[in-house]
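Each chain gets a letter, A, B and so on, in the order its sequence line appears, and its residues count up from 1.
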Amino acid sequence: MSAQFPLPGLPPVAPPDGGGERDRGEPGRGRRRGPTREQLLDGLNGPQAQAVQHEGAPLLVVAGAGSGKTRVLTRRIAWLISERGAHPGSILAITFTNKAAAEMRERVEDLVGGRARIMWVSTFHSACVRILRKEIDKFGFKSSFTIYDAADSKRLMTLVCKDLDLDVKKFPPRSILNWVSNAKNELQDHEDAAKDAQNGQEEMYAAAYGEYQRRLRQANALDFDDLLMMTVHLFRAFPAVRENWRRRFRHVLVDEYQDTNHAQYALIHELCARQLEEPTTGVPQDEVEPAELMVVGDADQSIYAFRGANIRNIMDFEQDFADARTILLEQNYRSTQTILTAANAVISRNESRKPKQLWTDAGQGPGIVGYVGDDEHDEARFVAEEIDRLTDEGGVRAGDVAVFYRTNAQSRVFEEVFIRVGLSYKVVGGVRFYERREVRDAVAYLRVLANPADSVSLRRVLNTPKRGIGDRAEACVESLARRDRITFWEALQRAEDAPGIATRSLNSIKGFVDTIEQLQQMVEAGERVDVVLEQVLTRSGYLKELEDSEDPQDETRVENLAELVAVAREFSDDPVVGPSADPAEVEAGEAEPPGLTDFLERVSLVADSDQIPDAPADGEEGDQPPSPGQVTLMTLHTAKGLEFPTVFLTGLEDGVFPHLRSLGDKVELEEERRLAYVGLTRARERLYVSRAVVRSAWGAPQHNPASRFIDELPVDLVDWRRTEAAMSSWNRPQLGFGSSSRGGGAVQRRFGTATARKDAATKAKAARAVPSLDPGDRVQHDSFGLGTVVALEGAGDNAVASIDFGADGVKRLLLRYAPVEKL
DNA sequence: CCGGGCGAGATTTTT
DNA sequence: TCTCGCCCGG
């Protein structure tokens, strides 16, 4: 299966099905003169038209799923430009992904023409990078700073932990990083965090935060959260800078406002709120009128609280921005009434929610189809079989179908089955292209060339491929850097001064430094990125090592690197500027041509959803016959903002979806329910819900009860093809692939692994009654020994106990399987 | 310095 | 079940 890796951020993308936006074919494309008022308002309903034309006060558009919010956003931008004379360069539109940004820009261009190119349409992160590239020297960073992604951050934090001699068991880098991320989202720098530390643990975390920041600065690098926090801090520390940007952006539009975190909210506030008081500086307040603000969102689709998103932002919009107005979009243009009724029923179980009912005049449509599989393989087989049937009977292309699941790990079974039956598919997310080892290695080389201070990347490639520079030599150089207060790179350049370094290592280091310096010269000379990359791969010996390798895996690694070179080539060929370039400057011919930094940025800021396959393009791919496309597999989170004619919502089991870790917590459970709502409302016509009675996780089979979300669907809407009761008999029919799904005809019995597994699970279940425990109880565990129950979550089959086993630490155990005995 | 062997932990969700 | 990091012998 050859995966496709589209160059992130490049414009020409259409959503899998047209995205519900029905603007294609409307007037505007290629016109010299802008569209007329009537054309811009054509086909809009009352509230939509109102939102497009709204003038003045901050506006919140509460847009239910499928209510045409993208349409409102694009039409409004076009309206601002052609009816209200707004300069395109004065417009800032924030979207959730690069792909959404590219799409929006394209649609606006369709309406008002090429001058729309100079608008800022980007994610929060990309917009911040653009601002910081211009301003960050004020904080002592160089504008060529590197952006560290989650993996880089983790690596750095691991180094910090070693440095501070932290017990990794007690302070896992992962947890510290989470804590740091939360602090940054709340705009707390490490000093604030240290001040607020409540206990020893938090003090430790704050200390790690401080050291981590120090290292980032030394490496001239920022992590994801820094991009937002630094921009806000910049505006607060330099009011004149902020005024400049406030003057520039006269119109700010924010999509998916329900998923903004505090830092993002603060950023919008800095740009758009009236500055009522400015106690700290002498800058006259409100020198310019604040920008006109429109935010669009739906509290019911807020699914990123775990990442710091604050639902409060949208709930309290009217309090946060003076004179704010709200427009409600409840008419749905996407789904059948059946699907909407189901979604409404589920989401209405959430308390503390403003009432909202989606409706459509599209008619009832087909009923929802339900299926209960013996196990996850059976469930996947049903899905494959059903897709096969739908495509055979016509009307449905594979590209119209999406399969959703809660966690990435669940994709595997579907892949296995789909491969077996020859169903073409594409997994979005999961192990991403840019996270593969060889790609990260290559990117690390490029980063070093762009920013030699980036010691995380530098140390990554120092001995990759193996060139005889081991831990020992690295430590010597490190201590030299520390002693002379120079960067790791500078220390490498004069490694002969490092005390105790072996001559052998020294020679290797000299060779390495030479290579890097030569490559740097290529970059300085303005060589194309793809050429630089090719040279990196050959001169470093990286490619040779892979090519000489016996490991068949290394063959695909070489292919992936070739793919990366191709991406770089496409990038260099394309006149479209990198995210850090200011379109207005490009227009004015003032910008540098896109270089290495732009390329690296594009690589860092890609999202999963940026890789969603395009709709089968009509005649675009050379002279291939129109392909039926591929089934799309993705997590529910990635599915946000998309829509498909046919949707399979799988793994609907308590403990899977809703996720086990949310079962005991009402707030988290409500977020899971919103996730279910997102999933349900992605479907246009056909919706399937399915679950497996037994599912293997961690190798061991789990018997999961039906998801509570299934019980929340109105019973009369779901047509169950198969239920749990149907297979309680020993003579239960199995649906062979390709056989009729209405049983009775070809009934096959299977004695395969799945059945055996189920029997084993059933036995295990019968053998062990769930012990009833209370906090404080003493228990005996087969391998951990004596322990004390600390806490209990969930009930019945899903009861989970946190048990303190002393030296072994606190374990979370699923009581149904854990070999614990109450004493 | 390197490679193999072994044990522990991982699974929420991602810009 | 798989991957990553650590330890030890060459």
Side-chain angles (χ1 to χ4, degrees), chain A residues 8 94-101 122-129 147-151 153-155 158 162 168-169 172-174 178 181 184-185 222-228 256 259-261 263-264 302-309 404-413 428-432 434-435 437 463 465-475 502 504-505 508 579 601 604-611 634-640 651 655-663 665 668 671-672 674-676 678-679 695-702 783 808-809 811-812:
Chain A
I94 302 284
T95 59
F96 202 64
T97 63
N98 296 303
K99 186 178 162 91
S122 69
T123 63
F124 269 107
H125 293 266
S126 299
C128 287
V129 172
I147 301 164
Y148 277 4
D149 65 15
S153 302
K154 187 162 174 235
R155 210 181 185 81
T158 309
K162 264 187 207 142
V168 192
K169 288 265 144 62
R174 184 79 247 135
N178 262 331
S181 173
K184 287 183 175 179
N185 287 337
L222 303 184
D223 69 15
F224 277 152
D225 301 313
D226 281 337
L227 297 175
L228 304 171
E256 308 284 9
D259 284 321
T260 51
N261 62 29
Q264 292 164 334
S302 161
I303 54 174
Y304 283 101
F306 72 92
R307 190 172 96 183
F404 299 153
Y405 36 77
R406 176 68 238 268
T407 65
N408 277 309
Q410 288 166 253
S411 74
R412 257 190 48 192
V413 201
V428 180
V431 243
R432 291 181 261 183
Y434 291 103
E435 279 172 13
R437 187 163 58 102
N463 201 30
K466 301 267 176 273
R467 48 172 77 89
I469 311 175
D471 293 347
R472 181 73 208 263
E474 193 183 322
R504 242 176 109 111
S505 310
S508 297
E601 205 162 290
S604 312
L605 297 178
V606 268
D608 274 349
S609 44
D610 292 332
Q611 299 185 11
M634 64 181 123
T635 66
L636 285 151
H637 281 86
T638 322
K640 193 181 72 162
V656 175
F657 184 32
H659 194 272
L660 186 63
R661 292 162 82 135
S662 72
L663 287 180
D665 186 309
E668 284 186 52
E671 177 145 317
E672 296 282 310
R674 289 193 291 269
L675 195 54
V678 167
R695 179 179 299 273
S696 324
W698 276 276
Q702 306 260 44
S783 49
D808 284 326
K811 309 272 178 197
R812 287 169 53 91

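Both E672(A) and R467(A) sit near DNA chain B, but only R467(A) has its closest nucleotide nearer the 5' end.
Residue D471(A) is in sugar-phosphate contact alone, with no base atom involved, counting any heavy-atom pair closer than 4.0 Å across all strands shown. In this structure, E668(A) reaches the bases: a heavy-atom distance under 4.0 Å links it to at least one base atom across the strands shown. The residue R504(A) sits apart from the nucleic acid: no heavy atom pair falls under 4.0 Å. A473(A) comes within 4.0 angstrom of sugar-phosphate atoms only, judged by non-hydrogen atoms across all strands, and of no base. Residue F124(A) is out of contact with every strand shown, counting any heavy-atom pair closer than 4.0 Å.
Side-chain atoms of S505(A) lie closest to dC1(B) of the nucleotides dC2(C), dC1(B), dT14(B). The K466(A) side chain lies nearest to dC2(B) when the options are dC2(C), dT15(B), dC2(B). Comparing atom distances between the T407(A) side chain and each of dC1(B), dT13(B), dT11(B) picks out dT13(B) as nearest. Proximity note for F306(A) (side chain, C-beta onward) versus dC2(B), dT14(B), dT11(B): the nearest is dT14(B). For H659(A), counting side-chain heavy atoms from C-beta on, the closest listed nucleotide (dC2(C), dT15(B), dT11(B)) is dT11(B).
Atom pair E256(A):CD and dT14(B):C1' shows a separation of 14 Å (rounding to whole Å applied). Rounded to whole Å, atom P of dT1(C) lies 19 Å from atom CD of Q410(A). If you measure from atom NZ of K640(A) to atom C1' of dT14(B), you get 10 Å, rounded to the nearest angstrom. The CZ atom of R412(A) sits 18 Å away from the P atom of dA10(B) (whole-angstrom rounding). The distance from atom CZ of R674(A) to atom P of dT13(B) is 18 Å, rounded to the nearest whole Å. The nearest whole Å value for the distance from the CZ atom in R155(A) to the P atom in dC4(C) is 11 Å. As a whole-Å value, the separation of N98(A) CG from dT15(B) P is 9 Å. Between the CZ atom of F96(A) and the C1' atom of dT14(B) there is a distance of 7 Å, given to the nearest Å.
One finds a side-chain N or O of T635(A) lying less than 4.0 angstrom from the OP1 or OP2 phosphate oxygen of dT14(B). Applying the 4.0 Å criterion to OP1 and OP2 of dT15(B), one finds that N261(A) has every side-chain N and O outside that range. In this model, the phosphate group of dT14(B) is approached by a side-chain N or O of T638(A) to a distance below 4.0 Å at OP1 or OP2. The side chain of N408(A) contributes an N or O atom lying less than 4.0 Å from OP1 or OP2 of dT13(B). Note on N463(A): a side-chain N or O is less than 4.0 Å away from OP1 or OP2 of dC2(B).
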* **Steps toward ring pair (Phe, Tyr, Trp, His ring centres under 6.0 Å) verdict (F96(A), Y304(A))** => CA-CA 12 Å; F96(A) 202 64; Y304(A) 283 101; 5.3 Å; yes
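Side-chain atoms of R406(A) stay outside donor-acceptor range of the base of dT11(B), with no qualifying N/O pair under 3.5 Å.
Interatomic distance, CG of N185(A) versus CG of D225(A), reported as 5.0 Å (0.5 Å rounding). The structure places CG of D259(A) at 7.0 Å from CZ of R307(A), a figure rounded to the nearest 0.5 Å.
A donor-acceptor pair is defined here as one N or O able to donate and one able to accept, closer than 3.5 Å; such a pair exists between the side chain of H637(A) and the backbone of I303(A).
Between F224(A) and H125(A), the angle of the ring planes goes over 60°, which puts this pair in the perpendicular group of the 30/60° scheme.
Across every non-hydrogen atom of Q410(A) and G651(A), the tightest pair is NE2-CA, 4.0 Å.
Between the P atoms of dC4(C) and dT13(B), the separation comes to 16 Å (whole Å).
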